[in-house]
Amino acid sequence: MNGIGSNTFVLAWRNVLRNRRRTLLTLAAIGIATVAIVMLGGYVGYTIRGLQTMTVRDFGHLQIMKRGYLDFGRANPARYAIADADALIARLSADPQLKDMILVATPQLQMQGVAGHFESGNSSTFVGIAWDPAARHALMQWDGLSLGMAPAQTRLSATAADEGVIGVGLAQLLGLCGPLKVAHCSELPPEPARVDARAAPADLAALSAQARQVVQTAPVSGASAAPGVPVELLAASASGAPNVVRMNVVQAEQQGVRDLDRMYASMPLALGQRLVFGLDQAGATAIVVQLVRTDQMGAARARIEAVLRAAGHDDLEVRPFADISPAYNQVVAMFGTMFTFVSILMGVVTLFSVANTVNMAVSERIGEIGTLRAIGLKRAQVRRMFVTEGALIGALGAVAGLVIAVLISVYGVNAAGLTWTPPGNAAAVPIRIDIAGSLRLCAGTVGLLTLLAAVSSWWPARRAAGLEIVEALRHV
């Protein structure tokens, strides 16, 4: 009796091999469930890390800004401007705890106004972002998650203080598709005759001429010599009066969101500061901080807040990139919901497949169960034997499915070079399944499906253990 009880695993293994066709069908169902969970999980993991890479390249990991700026600052950037941004960046870069965490720290200025191309007689609202061009290029190189994603590109130049880029949609509205040689850009239809369509309004032209005259006499380095299209940008200055600067548009860049594409303008920081503050002062609406690694965000944020308090900047706050770009959390939640749904569905398939297999095995072996009980096998040992049998089927199917998922991912999907364009992104990104970076998912999937198989075997095993010896022996 003790020998039989100690060999529960051997008995279960033999029973698994007894009806091989039924076992193979059950293994196939569990294997398909494993392939679905592991491949989808690897795809979701890689996609989220890719989305994080693109978001960090655009917004940094953290942004320092005046309290209330996210709610009210876009309408009045001068009111929420950080006047001593360069001094704060120098303080943060020199901090012993932060200097090894911070990769890039740079001021950013956002504004909005009206862009006009008066040679074609067109104008439209714009939302502008002004950067230090060199820092902007550095931000766009970040690959802290080691995904091997190609660096993003921009035409902002550190040697041309008046060159900028706009969205393709804004180029269409301003009638610049032809001058900028933009592919797949719809030209504005011709309008009925209008009065002096090529001349700017007198007051606006006077502002533009005055601004250009001041800029020409100011010590501005790097005047643009590259071909481009001049566009006048009008915005309210810090004093509340309208201000105009001329930006030489050298390229139209497609943005991932249609509404943003119709308003987007990016320019050097000095040009944006002249538009918002004039030549008398400078400022930034945010300080963008990009870290070496994302897992440093918590420690870096706490230390930056401490440095700001020590410097007397209680009016400033530190926000993570997920607050700046709410779409990031929304996309992550969408993928998480999709993965959870598929995982539950595959778990249910496993549950019923194994339960059906073990239930049929119990029905076929009633006489055998009676014999084992007659020679001394206890009810708990009978239960354990069938539960072990179900767990073995679950483990074998999950391991086989994991191997198949790895082969399909490495030699199929990853080698195919497929791409897709995520929401809010203009450039296509590769479709990859990162199983090597999802080892916990693989181990968890195998463990969970094995556990589900064992749990689904419990009820048939309980029925087998509950058989009366005399009644069971009638089936011998």
Side-chain angles (χ1 to χ4, degrees), residues 3-45 339-365 368-369 372 377 379-411 433-465:
I4 294 175
S6 62
N7 288 311
T8 302
F9 180 84
V10 175
L11 287 173
W13 177 251
R14 289 178 178 176
N15 291 332
V16 167
L17 299 178
R18 178 177 294 183
N19 193 322
R20 298 187 178 183
R21 177 178 296 178
R22 186 167 63 226
T23 299
L24 286 175
L25 289 174
T26 308
L27 291 176
I30 299 173
I32 291 173
T34 305
V35 169
I37 294 173
V38 171
M39 290 187 64
L40 179 60
Y43 168 73
V44 168
F339 175 73
T340 301
F341 174 78
V342 172
S343 298
I344 292 174
L345 187 62
M346 294 299 102
V348 171
V349 170
T350 299
L351 197 69
F352 282 97
S353 297
V354 177
N356 180 65
T357 297
V358 177
N359 193 54
M360 293 180 67
V362 169
S363 299
E364 293 173 353
R365 303 208 300 265
E368 179 184 326
I369 294 168
L372 291 173
L377 202 66
R379 294 181 188 275
Q381 292 171 323
V382 173
R383 231 179 358 253
R384 190 181 309 123
M385 180 178 65
F386 282 101
V387 170
T388 303
E389 182 178 336
L392 280 172
I393 294 174
L396 288 173
V399 170
L402 178 60
V403 173
I404 294 172
V406 171
L407 294 176
I408 294 176
S409 301
V410 174
Y411 298 104
I433 299 174
D434 184 16
I435 293 182
S438 307
L439 296 180
R440 287 193 299 176
L441 170 67
C442 297
T445 301
V446 172
L448 180 60
L449 292 182
T450 302
L451 178 62
L452 282 176
V455 170
S456 64
S457 304
W458 184 84
W459 184 260
R462 181 178 179 274
R463 183 170 70 87

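Ser456 contributes atom OG, which lies 5.0 Å from atom CG of Leu351 (distance to the nearest 0.5 angstrom). To the nearest 0.5 angstrom, Ile32 atom CD1 is 11.0 Å from Leu27 atom CG. Here CD1 of Ile435 is found 14.5 Å from OH of Tyr43. Values are rounded to the nearest 0.5 Å. The CG atom of Asn359 sits 10.0 Å away from atom CZ of Phe386, with the distance rounded to the nearest 0.5 Å. Atom CH2 of Trp458 sits about 13.0 Å away from atom CZ of Arg463, to the nearest 0.5 Å.
Within the structure, no pair that satisfies the salt bridge (charged side-chain N to carboxylate O under 4.0 Å, His left out) test touches residues 350-360, not counting sequence neighbours.
The shortest distance between side-chain heavy atoms of Thr357 and Glu389 does not fall below 4.5 Å.
Pairing each heavy atom of Ala29 with each of Ser353, the nearest pair is CB-OG, 3.6 Å. In this structure, Met360 and Arg22 approach most closely via the heavy-atom pair CE-NH1, 3.7 Å.
Between Arg384 and the choices Val382, Val387, Thr388, the side chain to side chain contact (heavy atoms under 4.5 Å, CB included) rule is met once, by Thr388.
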Using distance only, find each side-chain donor-acceptor pair of residues 393-411 under 3.5 Å and give its atom names and separation, not counting sequence neighbours.
from	atom 1	to	atom 2	distance (Å)
Ser409	OG	Ala405	O	2.7

Ignoring hydrogens and angles, write down the donor-acceptor pairs under 3.5 Å from the side chains of residues 438-454, residues two or more places apart or on other chains.
from	atom 1	to	atom 2	distance (Å)
Ser438	OG	Asp434	O	2.8
Thr445	OG1	Leu441	O	2.7
Thr450	OG1	Val446	O	2.7

